[in-house]
Novice: 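I'd like to ask you about the structure that follows.
We name chains A, B, ... by the order of the sequence lines, and we start the count at 1 in each one.
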Amino acid sequence: DAGVIQSPRHEVTEMGQEVTLRCKPISGHDYLFWYRQTMMRGLELLIYFNNNVPIDDSGMPEDRFSAKMPNASFSTLKIQPSEPRDSAVYFCASSLDRGGSPLHFGNGTRLTVT
Amino acid sequence: AQSVTQLDSQVPVFEEAPVELRCNYSSSVSVYLFWYVQYPNQGLQLLLKYLSGSTLVESINGFEAEFNKSQTSFHLRKPSVHISDTAEYFCAVTRMDSSYKLIFGSGTRLLVRP
């Protein structure tokens, strides 16, 4: 199993531009999570999906952020327009639909907005 | 709501010395508990978990954690650390009922010195 795959690994963009982060979860996993990691705020859960349906998006910072999961093998996190304070490492994770199942994380996308 | 507190942001220790990383949680319902490890430029990896049964759980690389319900703690220990254990360690909690939302602590950076 290739694990959770995220792309790109690094993204540098200018303020105001649209940014799209991509994630391929582990096959057979029913849950998909998007986290953001910063020095100041640590790991924050942005949104999670169950069977491609968004369950809890209360962690999404504002309307500039949106996430989709069109099928079981692909999800995107979009920021439009991007701002310097969005600079962070964004992680995607997936897990089985079973209580206590651990999360499997991708290697993250390091986003820098200048 | 659940919360996790890791009191130590950084723990320096000499190689082959014992170490304890502290974790306390707060929850009004029963929970599952996890420790994750993050090496530089990588995603988080599961180290060990407590779901039920024996309150002492072990990882394959010598770490152990003990669930203490009365003290709401889940401290991580290792009797003798290696340079390769240098990483950031995150304690996490999730409800035992239908929610799969994992809440992370702020992390503890373990720095092993020769």
Novice: When rounded to the nearest 0.5 angstrom, what is the spacing between NZ in A:K78 and OG1 in A:T20?
Specialist: 4.5 Å

Novice: What part of B:L51 lies closer than 4.5 angstrom to a heavy atom of chain A: side chain, backbone, both or neither?
Specialist: side chain

Novice: Mind ranking B:L102, B:L46, B:I103 by heavy-atom pairs under 4.5 Å with chain A and telling me who comes out on top?
Specialist: B:L102

Novice: By a 4.5 Å heavy-atom criterion (distance strictly below it), what part of A:T109 contacts chain B: side chain, backbone, both, or neither?
Specialist: neither

Novice: Please confirm whether the backbone N or O of B:C23 pairs with a side-chain atom of B:H75, one donor and one acceptor, at under 3.5 Å?
Specialist: yes

Novice: Would you mind checking which part of B:Q38 comes under 4.5 Å of any heavy atom in chain A, side chain (CB onward), backbone (N, CA, C, O), both or neither?
Specialist: side chain

Novice: Heavy-atom distances under 4.5 Å only: say whether A:L103 touches chain B with side chain, backbone, both or neither.
Specialist: both

Novice: Within the distance-only criterion (no hydrogens, no angle test), does the side chain of B:T86 pair as donor or acceptor with the backbone N or O of B:V112 below 3.5 angstrom?
Specialist: yes

Novice: Mind checking whether B:Y50 and B:F74 have parallel, tilted or perpendicular rings, split at 30° and 60°?
Specialist: tilted

Novice: If you tally heavy-atom pairs under 4.5 Å against chain B, which of A:R41, A:Q37, A:R110 wins?
Specialist: A:Q37

Novice: Ignoring hydrogens and geometry, is there a side-chain-to-backbone donor-acceptor pair from B:T108 to B:D8 under 3.5 Å?
Specialist: yes

Novice: At a heavy-atom distance under 4.5 Å, which candidate from A:P102, A:S95, A:G42 has the highest pair count against chain B?
Specialist: A:P102

Novice: Should the ring pair B:Y36 and B:F34 be called parallel, tilted or perpendicular, given that the plane angle runs from 0 to 90° and is split at 30 and 60?
Specialist: tilted

